[in-house]
Protein chains: 2
Amino acid sequence: MPNYQEMDRAYQALGDRTRRAMVERLVQGPASVSELAKDQPMSLPAVMLHLKVLEESGLVKSRKQGRVRTCEVVPQMLSEAERWLSERRQMWELSLDRLGKYLGVEK
Amino acid sequence: MPNYQEMDRAYQALGDRTRRAMVERLVQGPASVSELAKDQPMSLPAVMLHLKVLEESGLVKSRKQGRVRTCEVVPQMLSEAERWLSERRQMWELSLDRLGKYLGVEK
DNA sequence: AAAATACTTAAGTATATGCCTAACTATCAG
DNA sequence: CTGATAGTTAGGCATATACTTAAGTATTTT
């Protein structure tokens, strides 16, 4: 059960193309910070900041071994964000359905 | 097919609890600006700004009749945002699966 | 031990975001 | 017409975001 703040952070994290690109990279498998940075048209410290946002959102985690920090996706938050959208879409469909019945039944 | 900018805007829009609350209200059915504002602890102009963000993201549309602006959810963008997450989650599962096969844990 | 690698931290800047109040416009109701 | 209602616009302010370059700190590698 994600709270408001977690949801805020997860969606806010995904609201940036650089971070979505990082997630896209990480769903293929783990990567180091430099590997992530290679794909992005910005400095490594900037990529680090994006990584921090992703970690604070719970979408990604990382750990450091030696001098290399390895990052990977955390699927749970991905699922939770997905579920929120799915539930709302379903609610909307239900509303449409009720409207249809109302218009049909009540002439 | 959502482009990067649309995705940026949709997820960024959902990255704010006020706007998510507005979406939650609107999936139940259409509402006026004042109705949306009643639920929020802020001024009506502030709610208008959030509405503008939601409209620019494609998640919500509105039209004005007389002096009342009526807002409603646009399910398509909701679905597209949902699909992006779903596809990434599936990619991650595929990666895990490959890893499992590699390790010989699963067949 | 010296140099290269892989981050990490710091300091600064520019723009965007999230709010506010006040003043304005356009309808609708009596 | 007059006032209430619904929304809009404008101006301002405080904080957050998205970068930058420069200067660190650990770890390998040679």
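Chain identifiers are assigned alphabetically (A, B, ...) following the order of the sequence lines, protein sequences preceding nucleic acid strands; residue numbering begins at 1 within each chain.
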Are any of [X]'s side-chain N or O atoms less than 4.0 Å away from OP1 or OP2 of [N]?
| X | N | result |
| --- | --- | --- |
| A:Ser43 | D:dT20 | yes |
| A:His50 | D:dC19 | yes |
| A:Lys64 | C:dT8 | yes |

Salt-bridge present (A:Arg20, A:Glu24; N to O < 4.0 Å):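 Answer for the salt bridge query: no.
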
Under 4.0 Å between any heavy atoms, over every strand shown, what does [X] touch: base, sugar-phosphate, or nothing? Just pick one.
| X | result |
| --- | --- |
| A:Ala46 | base |
| A:Gln12 | sugar-phosphate |
| B:Arg19 | sugar-phosphate |

With the 4.5 Å side-chain cut-off for hydrophobic clustering, are B:Leu49 and B:Met42 part of the same group?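 No, separate clusters.
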
For a quick check under 3.5 Å, do A:Ser86 and A:Gln90 share a side-chain donor-acceptor pair by atom type?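 There is such a pair between these side chains.
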
Going by distance alone, is a donor N or O of one side chain under 3.5 Å from an acceptor N or O of the other, for B:Glu55 and B:Ser62? yes

Nucleotide nearest A:Pro45 (side chain, heavy atoms from C-beta), chosen from D:dA6, C:dC20, D:dT21: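 Of all the options, the side chain of A:Pro45 is nearest to D:dT21.
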
Rounded to the Å, how far apart are [X] [atom1] and [N] [atom2]?
| X | N | atom1 | atom2 | result |
| --- | --- | --- | --- | --- |
| A:Asp8 | C:dG18 | CG | P | 10 Å |
| B:Arg69 | C:dC28 | CZ | C1' | 18 Å |
| A:Tyr11 | C:dT17 | OH | P | 19 Å |
| A:Met42 | C:dT13 | CE | P | 21 Å |
| A:Leu51 | C:dC7 | CG | P | 10 Å |
| A:Arg17 | D:dA18 | CZ | P | 12 Å |
| A:Met48 | C:dA10 | CE | P | 12 Å |
| B:Leu44 | C:dA26 | CG | C1' | 15 Å |

Judged by each residue's nearest nucleotide on DNA chain D, which is more toward the 5′ side, A:Asp16 or A:Arg67?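 The 5'-side residue here is A:Asp16.
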
Need to verify one output field. Residue with the more 5' nearest nucleotide on DNA chain C, A:Leu49 or B:Gln65?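 So the residue in question is A:Leu49.
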
Whether B:Tyr11 side chain and B:Ala81 backbone form a donor-acceptor pair below 3.5 Å: yes

